[in-house]
Amino acid sequence: MDISSVLQGGYQHPLSRSWQARRSLTKGMLMYPIFITDDPDAYVDIPTLPGQARWGVNRLEGFIGPLVKKGLKSVILFGVPLNCEKDGSGTPADDPNGPVILAIMKLRSLYPDLYIATDVCLCEYTSHGHCGILHADGTINSEPSAARIAEVALSYAKAGAHCVAPSDMMDGRIKAIKRALIDGGFGNKCTLMSYSAKFASALYGPFRDAAGSAPSFGDRKCYQLPPTAKGLARRAIQRDMAEGADIIMVKPALPYLDIIADAAALAPDHPLACYQVSGEYAMVVAGARAGVYDLRTMAFETTESMIRAGCTLILSYFTPQFLDWLDE
Ligand code: PBG
Ligand code: ZN
């Protein structure tokens, strides 16, 4: 055989196999999405999202404490308000006694070293379940949407969030949020992570069950990107960088690895996040339960594909399991 055709000598040992990675998964790269509901004592399993639950604020210590001991570094909070009056502008989103604001304050005081990100969106809080404010004809009214989302983001920053992450996909919201953070005195205290390339995916189903955020009419196609839209994703990433995003995100992750690789090239000087969304997680778990593959092996393979594509940060429902697996 020709000398240059022999590669197997380079990866014959577990250690030399590990050197083939440009970067390896570490605990600090994982951000754990958690659902906070407004019954303070709630612990409710989410059947379509196996192993995940809605938590009340009083349960957070029992839930998060053991994970922090195992090396959990960051969480992203999603509010699930069940006992509130929803309206057209999502008024309960920044209720000072709402679940997200109470959870931010609780987690900050319990775990001073834990990095707290908060998803910012209106869909959990609007009567119509859409992510922005609507015109009378049901179409999106962009400017008041961005203004309202900025107001909510600032209130989370004031409550102590280290990072606000708008997932609504309204035009102009990154600029509006950055402006509100700066004017509110949080320009240097709060990170802005943009769900920049968020696609209208079939993989959000379990999340919408969990968060009770399915739209009451229509769909989200007039604000989330078409799955075919590589060019639009690239433009959204560049726009959000120009509008002041500190972190760029691609979502979902596995069917969009090409977009992650594009984002890594377009935004080489920003941290790059991806979200292995609820349906991706459920798919990996379901395949393992059906005997298609070993769960742990597949969780690593999918996550490592995202790192290989260029991510530096992964929002993952597998985070608690990785905290164990990365110790073994
Ligand atoms: C809502 C939101 C969604 C997710 C995060 N924020 C759902 C949607 O856009 O319909 C999905 C996360 C997941 O599926 O895990 N703005
Ligand atoms: Zn939304």
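Numbers here simply count residues along the sequence, with the first being 1. Worth knowing before you read on, the calculation uses all heavy atoms, side chains too, and leaves out hydrogens, waters and symmetry mates.
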Practice item. If the plane angle is over 60° it's perpendicular, under 30° parallel, otherwise tilted; pick one for Y275 and Y195. Key: tilted

Review point. What orientation do F318 and W325 show, parallel under 30°, tilted 30 to 60°, or perpendicular over 60°?
Key: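 The rings of F318 and W325 sit tilted, inter-plane angle from 30° to 60°.
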
[X]: partners by salt bridge (charged side-chain N to carboxylate O under 4.0 Å, His left out), with sequence neighbours left out:
| X | answer |
| --- | --- |
| K86 | none |
| D119 | none |
| D327 | K27 |

Under 4.5 Å between side-chain heavy atoms, hopping through other hydrophobics if needed: is there a path connecting [X] to [Y]?
| X | Y | answer |
| --- | --- | --- |
| L7 | W19 | no |
| L82 | I101 | yes |
| I140 | L232 | yes |
| Y43 | L77 | yes |
| V44 | I34 | no |

Looking at [Y] and [X], is any side-chain nitrogen of the basic one under 4.0 Å from a carboxylate oxygen of the acidic one?
| X | Y | value |
| --- | --- | --- |
| D113 | R108 | no |
| K178 | D246 | yes |
| R59 | D39 | no |
| D171 | R239 | yes |

Establish, from distance only, whether the side-chain atoms of [X] and [Y] form a donor-acceptor pair under 3.5 Å.
| X | Y | result |
| --- | --- | --- |
| Q276 | T302 | yes |
| N141 | S145 | no |
| Q52 | Y32 | yes |
| D87 | S127 | no |

Review point. Honestly, is K251 close enough over Y204, meaning NZ or CZ under 6.0 Å from the six-membered ring centre and within 45° of the axis?
Key: yes

Review point. How about R208: does its CZ atom have over 12 heavy atoms from other parts shown lying under 6.0 Å from it?
Key: yes

Check your understanding: Under the 4.5 Å side-chain heavy-atom rule for ILVMFWY, direct or indirect, which residues accompany M1?
Key -> V6

Review point. Can you name the side chain to side chain contact (heavy atoms under 4.5 Å, CB included) partners of D294, sequence neighbours left out?
Key: R296, T297

Identify every side-chain donor-acceptor pair in residues 259-274 under 3.5 Å, counting partners at least two apart or on other chains, and give the distances.
{"unit_1": "D262", "atom_1": "OD2", "unit_2": "K230", "atom_2": "NZ", "d": "3.2"}
{"unit_1": "D262", "atom_1": "OD2", "unit_2": "R234", "atom_2": "NH1", "d": "3.1"}
{"unit_1": "H270", "atom_1": "NE2", "unit_2": "A245", "atom_2": "O", "d": "3.2"}

